[in-house]
Amino acid sequence: MDLLILGFPQSGKTSLFSALTNRQITPGGYSDGTSNGMAKVPDERLGPLTEMFKPQKVTPAEIQYIDTPPMGSGRKRDSALSGELLNLMQGADALVHVVRAFDNPAVPVADGAATPEDAIIGMDLELAMVDLGILERRTDRLTSSLRGAKATERAAIEKELELVTRVHDALESEVPVIKQDISKEDRLTLANFNLITAKPMMVVLNVGEDDVADTAKLEAEWRDRLSEQGRVVVGLCAELEMELAQFSGEDEVEFRESLGIVEPGRDHVAKASYELLGLVSFLTAGPDEVRAWTIAKETPAQKAAGKIHSDIERGFIRAEVVTFDDLMAAGGLAEAKKVGKFRLEGKAYPMQDGDVVNFLFSV
Ligand SMILES: Nc1nc2c(ncn2[C@@H]2O[C@H](COP(=O)(O)OP(=O)(O)OP(=O)(O)O)[C@@H](O)[C@H]2O)c(=O)[nH]1
Ligand SMILES: [Mg+2]
């Protein structure tokens, strides 16, 4: 899963990226390139599983974040979004809009992003413009193909034209595609156009270090305001999070507590990313490795097995499944089996969060 970090110039994108991926990057003046990095997904089940299995290795689930150049840095200035940024957005599973909510006289405020409100409205408008353009080009093509169409082809073209027009008009009245009432079948048709506002979006309010104590309040306020657009909202201080991420263990905990930060920002964003994309983790556990794996909620067991290795997916026989809670209550795999908590599931079994799984396969 790829989440693309985007935003106005100097909003704190790279600081956030650095906090999430624990990359040591000097703040400021690193505007051009794109960087990819992995962030660990916090999982309170890994600790107890490690206790139980004493594995050689513990591997948390990871999600990928991509840092991008700021909006407005494209060479072609007809749009604030460069072609490169557009391609990146179309390839991402979700977008993370970093909004500047900090005061820093040393860092000039970008045009059009004087307040968080301006930045959010401005970004939404930019993204909607992109989609409107895509939909209008499609309308033109469909209209012209309708002219030369055979009678048998007309119905399909007219149907798509109706869909494209409907989505276009709703978007023009500021309803992002993701929030529009569209049938499953129509969504499949739209998937071909890779519309940006069809992607889930998280808004990260990047607050100043003096405001960290009020972050939860600000977050709740913006969550209400943006709920209609289906946005997930996170508040944090990117610069502080970046610094805190370089500490470890007790030092970090102590430092956070002294600042009144309840949860590390990277954990907060990772959880919000799961929520945004409907993700869950299943677990594998043994003496070699205890590990969490990211999948979409209810992924069929056979497909989930493919996360581990394509051979396991191809040669899938069955999945032995025990829930994390049952495993802990029983005190071990053998004990869980004895009390009948071990289930044998077939390839279509919809995997649940916290399933501890052993895949049986043959190749
Ligand atoms: N006071 C304060 N300054 C911040 C915060 N986050 C970022 N900054 C400063 O703002 C400047 C820009 O931060 P970056 O993380 O580089 O922002 P960016 O969005 O990646 O910038 P571009 O890639 O150039 O668009 C740096 O000088 C940071 O130190 C914050 O939470 N508080
Ligand atoms: Mg940057």
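Atoms within a ligand are numbered from 1 in the order they appear, just like the ligands themselves. Given the structure is predicted, the values throughout are model-derived calculations rather than measurements. Every heavy atom of this structure was used, including side-chain atoms; hydrogens, water molecules and symmetry mates were not.
Summarising the local packing, CD of Glu228 is surrounded by 12 or fewer heavy atoms from other residues, nucleotides or ligands at distances under 6.0 Å.
For Gly7, the closest heavy-atom approach to ligand 1 does not fall below 4.0 Å.
Only the side chain of Asn206 comes within contact range of ligand 1, with a heavy atom under 4.0 Å; no backbone atom does. Contact annotation: for Asp67 versus ligand 1, there are no heavy atoms closer than 4.0 Å.
One side chain, Thr323 or Asp326, offers a donor N or O that lies under 3.5 Å from an acceptor on the other. With hydrogens and angles left out, the side-chain atoms of Gln56 and Asp288 include no donor and acceptor closer than 3.5 Å.
Taking distance alone, with nitrogen or oxygen atoms compared against 3.5 Å, Thr68 stays at or beyond that limit from ligand 1. Among the atoms of Pro70, none of the N or O lies under 3.5 angstrom from an N or O of ligand 1.
Heavy-atom contacts of Pro9 reach the following atoms of ligand 1: 25 (O) (cutoff under 4.0 Å). Interface atoms of ligand 1 facing Val207, defined by a heavy-atom separation under 4.0 Å, are 31 (O). Per-residue contacts place Cys237 under 4.0 angstrom from the following atoms of ligand 1 (heavy atoms of the residue considered): 31 (O). Ligand 1 places these atoms under 4.0 Å from at least one heavy atom of Ala238: 31 (O). Those atoms of ligand 1 that come under 4.0 Å of a heavy atom in Ser15, given as number and element, are 7 (C), 13 (O), 14 (P), 15 (O).
The Mg ion (ligand 2) has an N, O or S atom of Thr14 under 2.8 Å away, backbone or side chain.
Taking the ring centroids of Phe17 and Tyr65, they lie at or beyond the 6.0 Å cut-off.
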> Step by step, would you call Arg225 with Glu117 a salt bridge (Lys or Arg N to Asp or Glu O under 4.0 Å)?
Replying inline: CA-CA 10 Å; Arg225 289 175 69 171; Glu117 189 146 31; 2.5 Å; yes

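Relative to the six-membered ring of Phe342, Lys337 meets both conditions, a distance below 6.0 Å and an angle of at most 45° to the axis.
Phe282 and Trp293 have parallel rings, their planes meeting at less than 30° on a 0 to 90° scale where 60° marks the start of perpendicular.
With hydrogens and angles ignored, the 3.5 Å screen pairs a side-chain donor or acceptor of Gln352 with a backbone N or O of Pro350.
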